[in-house]
Amino acid sequence: MPRILIAEDEARIAQFLEKGLRANGYTTLTVDDGHLAAALARDDDFDLLVLDLGLPNLDGLEVLAEIRRRGEQMPVVILTARDGVDTTVAGFETGADDYVVKPFRFEELLARIRVRLRTERGEEPTVLRAGRVTLDIRTRRASVEGRTVDLTAREYGLLETFMRNPDRVLSREQLLSLVWGYDFDPGSNVCEVYVRALRKKLGDDVIETVRGMGYRLPR
Ligand code: CA
């Protein structure tokens with residue numbers, strides 16, 4: 001049974017995580033303090049760390065730096081409220097494997113945890129390819145014909161969803177619930193805005209509009 005250390009100081013979120021992870025067969029231990037998290041995060045004791053960035057006493061990035069300095073190699077999934085390239089880059093430079101932007105759906109986090117645990121065991125491909133786009137899910141880096149493209153967390157989430165469903169028409173509602181989770185407003189045009197942003201970064205023809213139905217990323 002995989003063992004997961006949860007470092008989260010917001011009781012409501014911690015309980016939500018514990019409950020969901022236990023229901024899915026994981027053993028969990030929750031701590032609400034950065035120092036404690038850094039002290040307990042040992043490869044011998046845990047298979048994965050879910051790490052909130054805003055923790056008392058030692059913040060998440062410092063916890064991560066500390067455990068990597070010590071040589072712990074467990075995958076680390078960051079929980080962040082900050083959807084920005086800077087935080088993402090800082091997290092990856094410090095040695096994070098993945099991150100989920102708050103507010104998130106439990107399934108989104110669970111999917112990330114499963115990928116990380118499978119990737120560690122070499123069971124999951126780490127690079128997705130569709131059309132001219134390559135997406136490395138370990139480094140979260142996209143490239144188009146060898147050109148690296150920087151993505152924000154939401155842009156990445158949207159692109160990964162398309163890449164995992166190549167050739168499939170995804171409706172606006174599907175994308176909103178898959179990428180934005182419980183926090184979306186069904187009348188929102190956020191999907192259009194992000195598709196436009198991805199096209200701008202990756203090329204206009206990378207994502208097709210299927211009139212009246214949604215969007216598709218051709219294989
Ligand atoms: Ca926090």
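Numbers here simply count residues along the sequence, with the first being 1. Here the structure is a predicted model, which means the values were calculated and not measured. Atoms within each ligand, like the ligands themselves, are counted from 1 in listed order.
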Kindly confirm whether the Ca ion (ligand 1) is within less than 3.0 Å of some N/O/S atom in [X]?
{"X": "Asp9", "value": "yes"}
{"X": "Asp52", "value": "yes"}
{"X": "Ile13", "value": "no"}

>> Check this for me: does any side-chain nitrogen of one of Lys201 and Asp150 sit under 4.0 Å from a carboxylate oxygen of the other?
In response: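 Judged by the 4.0 Å cut-off on N to carboxylate O distance, Lys201 and Asp150 do not form a salt bridge.
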>> Which residue is it: Met213, Glu208, Gln174? I am looking for the one with a side chain to side chain contact (heavy atoms under 4.5 Å, CB included) to Val169.
In response: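 Of the listed residues Met213, Glu208, Gln174, the side chain to side chain contact (heavy atoms under 4.5 Å, CB included) partner of Val169 is Met213.
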> Distance-only, no hydrogens or angles: does the Glu62 side chain make a donor-acceptor pair with backbone N or O of Asp59 under 3.5 Å?
Replying inline: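 The answer is yes, because a donor-acceptor pair under 3.5 Å joins these two groups.
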> If only atom types and distance count, is the side chain of Asp43 paired as donor or acceptor with the main-chain N or O of Glu72 below 3.5 Å?
Replying inline: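 Not a single qualifying donor-acceptor pair exists.
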